[in-house]
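What follows is a short report on a single structure.
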Amino acid sequence: GFLVTEMSNCAVIMKDEAKSILFPEKMEIKSKFNIKRNYINFEEIDVDSKNIHVSLNGKIQDYFGKALPTLDLNVIVNKSRVEDFVNLLPPFKVEEIDTYKLKKYKFYGDVLANFSIKGRLPEPDVIGDFYVDNGILIKPIPNTTKGATVKINLTGRQANFDVIVPAGY
């Protein structure tokens, strides 16, 4: 099948703004897929807004079975804005990442990514790379020409970080 979805002004608003889920003002999702008895094959899904550009393909197996679904997805994030992705996330905390704090203290920057999600829910392996350029938390460091460079390499169940933060003079 083929499906085009356009979203405008969608949000889940909470008293604590950092717990809210905010979609971009306008977002379009185009998907080409096949649904079979035991799996859904996503030939192509494109998500586009002013600041989010994502392509995805792959398969979800056993989505109606007694076992939990198994994912085999590939995701490419073309130049997008970190803050728009962070706004889409619910607040959660894992060892290295606290999205509640990223939402509360505002993390800005340009992001590129290429990763895969493989394995059984709720804990599939995520393998790939994220690159954030000109990353700024709350506000820029005085007397710097740009924000931080953040490289994240995901190796299944672990994340390796390489962060360079320019110092002011």
Side-chain angles (χ1 to χ4, degrees), residues 3-31 42 45-56 58 60 68-69 71 73-117 121-168:
L3 179 66
V4 176
T5 304
E6 293 183 11
M7 300 170 59
S8 295
N9 300 314
C10 294
V12 177
I13 306 295
M14 307 298 281
K15 284 183 182 180
D16 181 345
E17 185 180 338
K19 292 182 178 179
S20 295
I21 298 172
L22 307 173
F23 288 83
E25 185 177 326
K26 291 184 179 180
M27 178 182 277
E28 182 178 74
I29 304 168
K30 294 179 183 176
S31 55
F42 298 104
I45 297 177
D46 292 317
V47 179
D48 282 302
S49 72
K50 180 180 175 187
N51 294 317
I52 293 178
H53 310 285
V54 177
S55 295
L56 175 144
I60 300 175
L68 292 170
L71 306 178
L73 303 172
N74 301 300
V75 181
I76 295 173
V77 178
N78 292 310
K79 188 174 180 182
S80 299
R81 295 292 298 168
V82 170
E83 60 272 22
D84 282 33
F85 278 106
V86 171
N87 284 337
L88 288 171
L89 299 172
F92 68 86
K93 183 177 180 178
V94 292
E95 288 181 32
E96 294 92 1
I97 298 173
D98 185 338
T99 62
Y100 176 82
K101 288 182 180 175
L102 287 177
K103 293 170 79 119
K104 183 173 181 166
Y105 299 113
K106 306 294 183 198
F107 182 62
Y108 303 93
D110 294 316
V111 63
L112 299 168
N114 188 345
F115 61 96
S116 64
I117 305 168
L121 289 176
E123 295 183 9
D125 289 334
V126 181
I127 300 168
D129 297 292
F130 286 76
Y131 176 80
V132 177
D133 189 42
N134 204 23
I136 297 170
L137 185 61
I138 305 174
K139 60 183 181 179
I141 297 172
N143 302 316
T144 58
T145 57
K146 67 179 282 184
T149 299
V150 180
K151 296 176 186 175
I152 304 171
N153 175 253
L154 303 171
T155 60
R157 304 234 182 239
Q158 294 184 333
N160 299 310
F161 292 84
D162 182 9
V163 180
I164 298 171
V165 180

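Each residue takes its place number in the sequence, starting with 1. Just so it is clear, the model here is predicted, and its values are computed rather than measured.
For the side chain to side chain contact (heavy atoms under 4.5 Å, CB included) test with Val150, the passing option among Asp162, Val132, Val111, Val165 is Val132; the others fail.
Of the possible polar contacts, none joining the Lys50 side chain to the Pro24 backbone as a donor-acceptor pair under 3.5 Å is found. A distance-only check finds a donor-acceptor pair linking the side chain of Glu83 to the backbone of Gly109 [under 3.5 Å]. Listed for the Ser20 side chain is no donor-acceptor partner under 3.5 Å among the backbone atoms of Ala18. Judged by distance alone, the side chain of Ser80 and the main-chain N or O of His53 form a donor-acceptor pair under 3.5 Å.
A 6.0 Å sphere centred on CZ of Phe161 holds more than 12 heavy atoms belonging to other residues, nucleotides or ligands. Residue Lys101 places its NZ atom among 12 or fewer non-hydrogen atoms of other residues, nucleotides or ligands, all under 6.0 Å distant. Surrounding NZ of Lys106 are more than 12 heavy atoms belonging to other residues, nucleotides or ligands, all under 6.0 Å away. Heavy-atom neighbours of Gln158 CD from other residues, nucleotides or ligands within 6.0 Å: at or below the threshold of 12.
Ile52 contributes atom CD1, which lies 13.5 Å from atom CD of Glu28 (distance to the nearest 0.5 angstrom). Here Thr5 contributes atom OG1 and Lys30 contributes atom NZ; the two are 11.5 Å apart, rounded to the nearest 0.5 Å. The NZ atom of Lys151 sits 13.0 Å away from atom CG of Asn160, with the distance rounded to the nearest 0.5 Å. In this structure, the separation between CD1 on Ile29 and CG on Asp48 is 10.0 Å, given to the nearest 0.5 Å. Put simply, CD on Glu17 and NZ on Lys103 are 9.0 Å apart, with the number rounded to the nearest 0.5 Å. Between the CD atom in Glu6 and the OG atom in Ser49 there is a gap of 12.5 Å [rounded to 0.5 Å].
Contact between Ala113 and Phe130 at its shortest, heavy atoms only, is CB-CD2, 3.5 Å. The two residues Lys79 and Leu112 come nearest to each other via the heavy atoms N-CD2, 3.2 Å. The two residues Tyr108 and Arg81 have their closest heavy-atom pair at CB-NH2, 3.8 Å. Heavy atoms only, all atoms of each residue included: Leu137 and Tyr105 are closest at CD1-O, 3.8 Å. Among all heavy-atom pairs drawn from Leu56 and Leu73, the shortest one is CD2-CD2, 4.3 Å. The two residues Thr99 and Pro90 make their nearest non-hydrogen contact at OG1-O, 2.9 Å.
With respect to the salt-bridge test (charged N to carboxylate O, under 4.0 angstrom), the residues Lys104 and Asp16 do not qualify.
For the pair Met27 and Leu88, the minimum side-chain heavy-atom distance is below 4.5 Å. Contact check for Val163 versus Ile152: no side-chain heavy atoms found under the 4.5 Å cut-off.
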Practice task
Take Thr149 and Tyr131, measure what side chain to side chain contact (heavy atoms under 4.5 Å, CB included) needs, and give me the verdict at the end.
Solution key: CA-CA 7 Å; Thr149 299; Tyr131 176 80; 3.6 Å; yes
Problem - Derivation and outcome, side chain to side chain contact (heavy atoms under 4.5 Å, CB included), residues Asp125 and Thr155 - result: CA-CA 8 Å; Asp125 289 334; Thr155 60; over 6 Å; no
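Using modelled atom types and a 3.5 Å distance limit, the side chains of Ser116 and Asn74 yield no donor-acceptor pair. Using modelled atom types and a 3.5 Å distance limit, the side chains of Asn153 and Asp129 yield a donor-acceptor pair.
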